[in-house]
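Note sheet for the following structure.
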Amino acid sequence: MLFKVFAKDELPKLFDLLAANPVIAPVQKGVDQHGVPLFDFDVVHDFADLRLDYTSTIHSAKRYFLPYAETLATFTVDKGGWEKQVDLNIDRRQVLFGLHACDINALNKLDKVLVQSAYPNPFYAAKRRNMFIIGLQCTPRPQCFCRSMGTDFALHGFDMFLTDLGDSYFAEILSAAAFQFMARIVTREPGHDDHERYKAVVAEKNGRFQAKVDSSDLTKILDMEFESPAWKAWGDKCLSCGTCANVCPTCYCYGVEENVDLDLTGAVKTRRLHSCNLIDFAVVAGGHNFRPHSHARLKYRYYHKHRGFVEAFEEALCVGCGRCGEACLAGITVPAVIASVREGG
Amino acid sequence: MKLSCDIAVKPLSRVEGHGNIHIRIEDGVLQEASWEVVETPRFFEAMLVGKHWENAPYICGRICGICSIGHTLASIRAVENGFAIEPSSQTAALRLLLKHMETLQSHVLHLAFLVAPDFLGTGSVLPLTKSHPEAVQRALRLKLLANDACDLIGGRRMHPTRTVVGGFTMLPDKAQLDLLLRRLRAAAPDLAATAELFASFTIPDFVRETEFVSLKGETDYPFIGGALMSSDGVERPEAGYLAMTNEYCTPASTAKWAKLSRPSFAVGALARCNNNFHLLHPTARAVAESFGLAPVCHNPFMTNIAQLVECVHVMADAARLIEELLDRSFTEPRQPVQSRAGLGVGAVEVPRGILYHAYEFDDAGRILHADCVIPTGQNHANILHDLEALARSWAAAGTPDLEIERLACMLVRAYDPCISCSVH
Amino acid sequence: MENRLPFIDVLGGPGGRRREDFTSFEYTLPAEITSLYALTPTETLYQIRIIDPTARQRFTFQPGQFVMLELPGIGEAPFSISSSPVRHGDIELCIRRVGNLTNFLARLTRGARVGLSGPFGTHFPVEEMVGQDILLLAGGLGIVPLRSPLSAVLENRSNYGRVDIMYGARNPAELLFTYQYEEWRRFDINLAITVDQAGPGWQGPVGLITEVLKERLGQAGSLATGTCAIVCGPPVMFRFVCDLLTRAGLPPQKMFVSLERRMHCGRGKCCRCNIGSTYTCLDGPVFDYWSVMNLKEAI
Amino acid sequence: MRGQLSYLGVELARPRVAFFELTSCEGCQLQILNNEASLLDFLSLVEVVNFREAMTERHDDYDVAFVEGSVSRADEADRLRAIRANAKILVALGSCACFGGVNQLKNRFRDLDWVKREVYGDFPIITQEVLPLSAVVDVDLCIYGCPIRKEEVEKIVTNLVLGKAISHPRYPVCMECQASQNICLFDLGEPCLGPVTRAGCNAWCPSNRRGCWGCRGPADDANLAQLEKIMAERGVSAEAMLDRLECFGGFATQADLLRSAAADGRKP
Ligand SMILES: Cc1cc2nc3c(=O)[nH]c(=O)nc-3n(C[C@H](O)[C@H](O)[C@H](O)COP(=O)(O)OP(=O)(O)OC[C@H]3O[C@@H](n4cnc5c(N)ncnc54)[C@H](O)[C@@H]3O)c2cc1C
Ligand code: SF4
Ligand code: SF4
Ligand code: SF4
């Protein structure tokens, strides 16, 4: 890790240098009915469209790594037989400009299951490796609980990370590529003052967290409270709509769909993000459904994220970004669910 | 010479909805010529009673799958007129563009898929995919262009999703509009070639004087709103539509019929051309003239040519509209709606003629009474009278059965009737 | 142009990654159906051979493992290998027609091309069962995955003690591999078959497989130490059979079950087969009963 | 000209298909003609033997009958029964056929005489309560939507030819809406039936910033009670919720419940 400081007006220059590659960044998508701006990631061409002051985005940046729907293979079929073609659907490096720590940590978690385990997923890996990531220090919202999940700081998984010091940016440089870009703008070595300011910014950030999740002994508690009435209560509210999985930066479960072309000379195999809250998630041959009730499915989402994943990778599959709770029309939030299960209903 | 025949077409194909033709000639004397509309009524006007105004365009668009955009726009206009809402110029331009694209897609569908088989002696477009592949491909391209444009502006080619009272829920992307403009320009040769194909057809020669009713254009060839006029000299304001339509029930039909100065009148592309010929785009006028179409033309078979002329017009005018839209910066797509008690009428020229929606609202903006007058409903009586006149001449000439059947079907088809829509 | 970041090709370009790592996904071996044999109106036995001889030879598996079988545009699904591990990439699958892929497969003819990947999953530890008695308990289609460990046992019959097969089907017409029963018996296998409903000509017992098992237990009071059980069948069967065996003194780590879940990848990525922390495809499909007992929702 | 169809060496029969319409706007049939880019491929996959909206020839020996529209007169019920007798597979095409569609909105008045008088005065006209096809005959397959989506029809027909099972998404529209990156309409203050409506339309309406009106009917296990609470919390009137629920007939049962609960005198 290398630290640099640069004046704010150098940032557009950095952007322009990077803009030789497709750049994805937070932009404003509209305002809600109360006039609050709504942000999301999108491809940007102009630095002026960037909203680096964004709070959180509606959807995570996950789709640039794991598209909601992705072609896994195409087939050409003729009388003689068939051939399979596989394309990883990425042919160039891209830049993700302004990712908060929680979302970087989300990618690090996905790496564990999708890259660093048996049978790595090349579709994900190719996009992940080809994403140049500039992290950005955030200002926590009331619903953020990343601090409880230990994901409020990113230690790796990015190329550089910026913290706004007021008139300048404090940059942590992690990759050689990032170092080379930094050499093209005017930077300086951070001095004592910069370090002090950096620490002050971080302290200020830490003071803002409101939401909390108590994850101590959670794997055991989840097991003990398997029959807790809390699940039923939350399940009654759940719409089984899958919105939580769609907005979540760490949900990756999917389904595969195969379709033959209309002219019968080819076929397509598509991966589609699924959600464990959807009714057919666990249906098997003969129509048996292992989780026919919404409470069983909802419980399963927590089991996977806060128990199963912890057992496998020693960390939860949740970064505390709060997106699912905010997107859920029924108002089901992670802190509330976990607190009620802890209390045993 | 053949003196008797009994022809029943039940139901007529390649039209929207169910209608039956019956012609009986005995010993050279016409005994019966009937145009029967057997479609089942859906009672849209009753469905709306008690409904909040927001429902009207959404439900009423479903009166017709082919001109759902026209119905939606007429319904929106009726609500907006009822609440004294003036659409912004941006909304007006987008609505007209959307309307043009529906006109294009509907006319092309009618001409290439429903009418051309008659002139080329086939029962459907299917054999033409082999015998006239380029003509079919051309038509498909034009239709695709028009449909894509409707998707872009209205959100969906059928039963549009973006069109609402007060404007639009969402605006088209300018880059997409620009692409549309380029596609429109590139499509001109396809339309020209389609016109050439029609130039090779012999349009049946038949003339029966009638009255033509349409919107009256002031400065532009009219499509959305404005005064009403007839070729017999009647003029009425939009809200006075009842005096133009004079609907009545008849046992031969589940649709209501209409009359004005004479026992019947005609609406549609020919009526519009006849009444507003001078407002057509010059290129469209030139095409009209090349087909010998000039006001007032009383040959109903020329409706097909009038549709072709309108295709040329709407393509040219759409290009103009897009250029204008690209030049301006977009504002808020939707203006606020404040309901009030009263009556609202919306008249819109849809592909088959003038369409009226009229609603009476209570204080809360709920519909107390609704009325929709459909172009094909206004044409039914005229279709019948044309059939009678033609049949009489066939009786006199001893025309063979098959020829009578063919021409009778072609005549009705020329009106491009939207039968289920006329019953609604 | 220097601002353009270089593209990283994970499949082989710079970065020095092992190529096999990333191609295991969506990488199917071209294979061909060398024979189809209808066992019942709904089950067909397929012989499937990997076309490339080297790949065929390299394809080794353990009894209990499964493959993913693919037909373009029709589907891809997991199937247990039902043949002897000695035969490498020339395998037998016994497939029940239940849906898109399985129905279309049944319409194919000899020589048809399919895509094969795998083998995946855990297996029945037959090597560790040497010198012991083995109980093979199967319900319905559960006999299919058991046929592979059974073949392995038959290859070295003298290495094992008493071997019992207890197999239940709904009715006699649904019994699979009937043509092999005599052969099994010749190898000194105690074969007990039961059906839920007798059909014409059925002489054997009628009733649940647990009854047959009780009978077997009844003879000896309990099970001899050094007995292993392999259980495969519908979820309800597991519970009853495993309960009985537990009461008969069989330790849970000596009972092996094969679970079925929905799978879309077979590689621990789609999560559809996930039971809590456990992936049926990676940690299963073969589990010892101890692991399953401790899994919520497993059976 | 059109050879035998086959796929992976399996010979496939080209189904003879027919299109019929009962009480409807004929839009769903038109959607099939609206398949410009793939219409010709579609036509070579099947043999169209009856399609009054597009062709004059007709035959009565068909395998698959696509029936659009709902039943609103005795003669339609008879026609439908005759079609059923001929067809191996009867497909309900569009929401009118599946649920009654907008046509069934008139059922809410119960008093059919009033309905007739409102539109036709004293002129005699025949009509009856609007029914979905399934109330009259057995329906093998439903294609939901008002209008139907051409991509879905193409997929279904391809699957029919291949002998693949036709399955609809069992989850609600939100799933597709979120995957389309939309801003949830509830955030914009608009009501939406997406959380309870069967997906498959690719969130056609919400993607155009128009709330879902439930044209595809309820998703499996739709949680309507919760949606009612959500709407109420967000200040959406019960009337607006009812308007959407009763529009296409898919939620007729729930709409009836809501209506009798409200009994707000909207009936004339
Ligand atoms: C480890 C394992 C081993 C298996 N071994 C065999 C075997 O040896 N022989 C055999 O006949 N079957 C076996 N199965 C079941 C087999 O995978 C399913 O029958 C098959 O997926 C059905 O595919 P389909 O395309 O024909 O059905 P589909 O059209 O996909 O679906 C038909 C029905 O099956 C359900 N289903 C879909 N996918 C699966 C799935 N992966 N697992 C279970 N149900 C599913 C659907 O929900 C539906 O109810 C095994 C399953 C697993 C997990
Ligand atoms: S808070 Fe919700 S959306 Fe965010 S990572 Fe956790 S589970 Fe996913
Ligand atoms: S807009 Fe409608 S469909 Fe989309 S997420 Fe919101 S509620 Fe669901
Ligand atoms: S969003 Fe709703 S109303 Fe719109 S097409 Fe889909 S199901 Fe129908």
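The sequence lines fix the lettering, A, B, ..., with proteins before strands; numbering per chain opens at 1.
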Is it the case that atom CZ in A:F47 sees more than 12 heavy atoms from other parts of the structure closer than 6.0 Å? yes

With a sphere of 6.0 Å drawn around CZ of C:R58, does it hold more than 12 non-hydrogen atoms of other residues, nucleotides or ligands? no

Examine distances only and state if a side-chain atom of A:N21 and a backbone atom of C:N3 form a donor-acceptor pair shorter than 3.5 Å. yes

Check residues 274-281 of chain A and write down every donor-acceptor pair under 3.5 Å in which the side-chain atom is one partner and the other belongs to a residue at least two apart or another chain.
| from | atom 1 | to | atom 2 | distance (Å) |
| --- | --- | --- | --- | --- |
| A:H274 | NE2 | A:D280 | OD1 | 3.1 |
| A:S275 | OG | A:N277 | N | 3.0 |

Pair A:F75, C:E70 - check side chain to side chain contact (heavy atoms under 4.5 Å, CB included), show working. CA-CA 11 Å; A:F75 302 85; C:E70 172 168 51; 3.3 Å; yes

Heavy-atom proximity to chain A below 4.5 Å, by part of C:P234: neither

Which atoms of C:E76 come close to chain A, meaning under 4.5 Å heavy atom to heavy atom: side chain ones, backbone ones, both, or neither? both

Name, in order of residue number, those residues of residues 259-271 of chain A that have a heavy atom at a distance of less than 4.5 Å from a heavy atom in chain C; otherwise write 'none'. A:N259, A:V260, A:A267, A:K269

Roughly how far, to the nearest 0.5 Å, is CZ of C:R4 from CG of A:L18? 12.5 Å

Shortest non-hydrogen pair, C:L5 vs A:A177, comes out as CD2-CB, 4.0 Å

Enumerate by number any residue of residues 84-96 of chain A whose heavy atoms lie under 4.5 Å from heavy atoms of chain C; in the absence of such residues, state 'none'. A:K84, A:V86, A:L88, A:I90, A:D91, A:R92, A:R93, A:V95

Less than 4.5 Å to any heavy atom of chain C: does that hold for the side chain of A:Y254, its backbone, both, or neither? both

Hey, could you give me the CD1/NZ distance between C:I8 and A:K127, rounded to the nearest 0.5 Å? 14.0 Å

Where the side chain of A:W82 meets the backbone of C:P72, is there a donor-acceptor pair that is under 3.5 Å apart? no

Sequence-distant partners of A:K79, salt bridge (charged side-chain N to carboxylate O under 4.0 Å, His left out), two or more places apart: none

Between A:Y124 and chain C, with a heavy-atom cut-off of 4.5 Å, which part of the residue counts as in contact: side chain, backbone, both or neither? neither

